[in-house]
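Here the structure is a predicted model, which is why all the values come from computation and not from measurement. We count ligands from 1, going down the list as the structure has it; atoms in each ligand are counted the same way. Note: hydrogens, waters and symmetry copies are ignored here, and every other heavy atom, side chains too, is used.
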Amino acid sequence: MSEPKKLFIKTYGCQMNVYDSERMAEAMGAEGYVMTDAAENADMVLLNTCHIREKASEKLYSDLGRLRPLKQANPDLKIGVAGCVAQAEGAEIQRRMPLVDIVVGPQAYHRLPQMVRDGGSQVDTDFPAEDKFDHLPQRKAMRGPTAFLTVQEGCDKFCAFCVVPYTRGAEVSRPVDRILREARDLIARGVREITLLGQNVNGYHGEGEGGSWTLARLIRTLAEVDGLDRIRYTTSHPNDMDDDLIAAHGDVPQLMPYLHLPVQSGSDRILKAMNRKHTRDDYLRLIDRIRAVRQDILLSSDFIVGFPSETDEDFEDTMALVRAVGFGAAYSFKYSARSGTPAAERPEVMASVADSRLQALQALVLDQQRSAQHAMVGKEVNVLYEKAGRFPGQMVGKSDHLHAVHVDDPTGQISELVRVRVLASASNSLSAVRIS
Ligand code: 5AD
Ligand code: SF4
């Protein structure tokens with residue numbers, strides 16, 4: 001029998017891309033491809049790209065340049081580009097890099113196997129009418145007790161800086177029955193924790209029994225499925241946190257006490273220029289309501305500094321908001337113009353100013369992150385083991401609050417959900433001993 005063909009996938013960017021890469025791997029698996037960790041011995045290399053921030057296409061072209069010797073050594077090597085840069089640049093990618101065989105956008109990747117079968121040079125950046133998820137094989141390649149499940153894609157919010165509405169397209173929610181079937185499949189394969197994904201996941205409104213369902217209803221239904229111990233969701237928009245979703249944080253034990261809720265800026269003037277459609281006060285009041293039902297919830301956010309026209313005063317408003325909320329984690333980015341978005345037409349803040357703002361914000365956020373982690377020392381927490389640690393007798397997993405935890409546990413097994421006592425806080429993780 002001939003050896004199976006090998007597929008290497010490099011994934012850039014967000015968790016939705018991680019999920020898409022898994023689904024593409026499964027689709028190619030049905031064609032007889034197995035995964036490899038090394039591009040050097042692959043029969044096909046797929047780059048699943050991200051376009052959200054800086055230099056995405058430069059990164060892609062330099063990675064493609066590095067594949068050139070492999071293609072020269074093996075002319076049968078297939079090279080594909082998927083994801084949001086594929087969507088944004090389309091056939092231009094092949095014009096610049098003729099070694100690329102296949103360009104496929106995020107809404108068309110169920111057609112990847114057919115494109116590979118057909119051979120030759122192919123570009124598909126359609127937003128097809130059919131649902132790609134209906135044309136993908138059942139989930140199978142699970143690597144541990146946690147999994148992502150995309151429930152919603154695309155975005156209609158049109159923040160002035162963001163390419164997502166253009167590359168991922170309009171907001172679409174998957175039907176409830178498909179999601180529940182995929183979740184049951186995952187759980188039957190040993191998954192105990194599911195993270196529901198969407199660009200605006202809390203705006204979920206998929207069709208289900210009795211009409212359109214909210215994310216809260218979906219979470220409440222998933223919480224009744226035997227074997228599912230933990231539910232998370234990301235990423236959310238402040239304007240889509242409805243009453244029932246907030247309530248769910250207080251009364252659904254499986255819903256983990258962690259919420260990523262991007263605010264982008266603390267200045268009302270900048271929020272308006274960003275087309276965010278909420279004020280700083282709206283955000284602060286929302287946080288109060290969430291904390292009223294789940295006092296220990298760990299909050300996380302995204303920030304952009306140096307958005308066009310941002311003044312020192314605007315930036316101070318962002319710093320003040322961060323101080324007022326107290327985040328357990330946060331991601332801050334320097335604004336970078338994305339062509340085709342409204343903000344790309346506006347004059348930019350001086351790079352050196354944006355740089356120093358970024359440094360100041362990151363220092364503040366790091367400080368808050370460390371205190372949140374430090375506050376766990378001495379406490380008992382739950383950890384779901386994902387893998388063995390670097391040292392003998394050590395297991396690694398996440399706490400309910402999504403802290404990485406190293407546990408001394410020589411008999412520990414992957415997929416166990418255990419009770420531990422936190423002993424210390426290091427820079428990016430906690431260490432603990434098992435007590436149950
Ligand atoms: N420049 C900088 N950061 C951006 N983000 C999105 N678009 C841009 C951009 N043009 C950030 C936002 C978003 C996160 C995923 O990426 O903070 O929440
Ligand atoms: Fe982009 Fe704004 Fe939509 Fe988030 S809500 S995906 S930042 S347009």
Thr235, portion touching ligand 2 at heavy-atom distance under 4.0 Å: neither
Is a donor on one side and an acceptor on the other found under 3.5 Å between the side chain of [X] and the backbone of [Y]?
X: Asp400; Y: Val383; value: no
X: Glu316; Y: Asp312; value: no
X: Lys398; Y: Ala404; value: no
X: Asp126; Y: Pro128; value: no

Modelled atom types, side-chain donor and acceptor of Ser352 and Asp355, under 3.5 Å: no
Side chains of Glu171 and Gln152, donor plus acceptor under 3.5 Å: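 Distance-only check passes for Glu171 and Gln152.
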Electrostatic pair [X]:[Y] at N-O distance under 4.0 angstrom:
X: Asp63; Y: Arg66; value: yes
X: Arg139; Y: Asp185; value: no
X: Glu207; Y: Arg174; value: no
X: Asp118; Y: Arg111; value: no

Under 4.0 Å from ligand 1 - residues by heavy atom, chain and number: Ile52, Arg53, Phe161, Gln264, Asp302, Ile304, Phe333, Lys334, Tyr335, Ser336, Arg338
Atom 1 (Fe) of ligand 2 neighbourhood, protein N/O/S only, threshold under 2.8 Å: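 Protein N, O or S atoms closer than 2.8 Å to atom 1 (Fe) of ligand 2: Cys162 SG.
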Sub-4.0 Å atoms of ligand 2 with respect to non-hydrogen atoms of His237: 5 (S)
Atoms in ligand 2 flagged as close to Asn200, the criterion being non-hydrogen separation under 4.0 Å: 3 (Fe), 5 (S)
Among Leu196, Ile194, Asp244, side-chain contact (heavy atoms from CB on, under 4.5 Å) partner for Ile219: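 Option passing the side-chain contact (heavy atoms from CB on, under 4.5 Å) with Ile219: Leu196.
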4.0 Å protein heavy-atom contact status of atom 4 (Fe) of ligand 2, strictly under: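 It does not; no protein heavy atom is within 4.0 Å.
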